[in-house]
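Worksheet: the structure to be examined is printed underneath.
FYI, side chains are in, hydrogens and waters are out, and symmetry mates aren't considered; it's all heavy atoms of this structure. Chain identifiers are assigned alphabetically (A, B, ...) following the order of the sequence lines, protein sequences preceding nucleic acid strands; residue numbering begins at 1 within each chain. This is a predicted model, so every value here is computed, not measured.
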Amino acid sequence: EAGVAQSPRYKIIEKRQSVAFWCNPISGHATLYWYQQILGQGPKLLIQFQNNGVVDDSQLPKDRFSAERLKGVDSTLKIQPAKLEDSAVYLCASSLGQGTGYTFGSGTRLTVV
Amino acid sequence: GIQVEQSPPDLILQEGANSTLRCNFSDSVNNLQWFHQNPWGQLINLFYIPSGTKQNGRLSATTVATERYSLLYISSSQTTDSGVYFCAVESWDYKLSFGAGTTVTVRA
């Protein structure tokens with residue numbers, strides 16, 4: 001089966017600019033996650049979707065980050081305006097359902113200068 | 001949330017050596033996964049192991065859920081085993097929490 005697709009792979013922007021990341025999960029996977037991984041740390045959950053509804057966005061900095069999952073398939077994560085501390089790898093993962101494991105995409109490496 | 005601790009933080013091995021990585025977690029979990037993050041940042045699933053023992057080639061893993069720990073064994077290590085190994089636990093409300101990882105360097 002095809003994996004989780006993410007784009008772009010790399011992005012460099014200046015602080016205060018906006019940026020968007022795209023994720024296409026594995027076909028049929030109802031649950032989709034966005035994680036932020038800062039260099040040297042483990043990934044941290046930003047937001048979890050079940051189909052097109054938000055299950056958990058308690059760790060999402062809502063003043064600058066937003067995410068949507070239209071039609072319960074693809075998802076976009078947006079940062080506006082970006083700060084230097086947003087430099088990280090943004091990982092998308094999907095899961096078929098409870099107790100079935102998670103598959104991660106290759107990630108988008110964001111550098112804010 | 002569930003706290004996940006991995007040890008050791010760093011591991012340097014000579015090619016051919018064996019090693020054990022440990023993951024402790026603070027509460028009962030629905031599931032546990034071990035991942036390998038390659039130098040390009042891709043998280044590769046190694047094991048999905050809520051309990052018991054599994055083996056895949058030179059890698060094996062054991063989870064003792066009642067004692068809240070899991071072990072990942074690497075035997076006859078190769079340079080391609082280098083990278084960061086993450087343990088991640090799924091809580092009963094389906095949240096996946098990661099440890100800080102163990103960075104493994106295998107020298108030829």
Item to check | Over 12 foreign heavy atoms within 6.0 Å of CD, B:E5 | outcome: no

Next on the checklist: Is it the case that over 12 heavy atoms from other parts of the model lie below 6.0 angstrom from the CZ atom of B:R22?
Outcome noted: yes

Checklist entry - Would a hydrophobic clustering, with Ile, Leu, Val, Met, Phe, Trp and Tyr connected at side-chain separations under 4.5 Å, put B:L32 with B:L21? => result yes

Checklist entry - Roughly how far, to the nearest 0.5 Å, is OG1 of A:T103 from OH of B:Y48? => result 11.0 Å

Checklist entry - Heavy-atom count around A:K71 NZ within 6.0 Å, excluding the residue itself: above 12? => result no

Checklist entry - Counting only heavy atoms not in B:R107, do more than 12 sit closer than 6.0 Å to its CZ atom? => result no

Checklist entry - Hey, does B:F86 have a side-chain heavy atom less than 4.5 Å from the side chain of A:P43? => result yes

Next on the checklist: One pair to check against ring-ring contact (aromatic ring centres under 6.0 Å, His included): A:F49 and B:Y94. What are the steps and the verdict?
Outcome noted: CA-CA 11 Å; A:F49 291 95; B:Y94 314 118; over 10 Å; no

Item to check | Side-chain donor or acceptor of A:Q41 paired with backbone N/O of B:G99 under 3.5 Å | outcome: no

Item to check | Structural part of A:Q50 lying under 4.5 Å from a heavy atom of chain B | outcome: neither

Checklist entry - Do side-chain atoms of B:Q33 reach the backbone of A:Y102 as a donor and acceptor pair under 3.5 angstrom? => result yes

Checklist outcome for this item: Of the listed B:V84, B:I44, B:L43, the one with the largest count of heavy-atom pairs under 4.5 Å with chain A is B:L43

Item to check | Side chain to side chain, B:L96 and A:Q48, heavy atoms closer than 4.5 Å | outcome: no

Checklist entry - Measuring heavy-atom distances to chain A, does B:Q37 have an atom under 4.5 Å in its side chain, in its backbone, in both, or in neither? => result side chain

Next on the checklist: For B:K95, is the NZ atom crowded, meaning more than 12 foreign heavy atoms sit under 6.0 Å from it?
Outcome noted: yes

Checklist entry - Around A:L84, counting heavy atoms of other residues, nucleotides and ligands shown, do more than 12 lie under 6.0 Å from its CG? => result yes

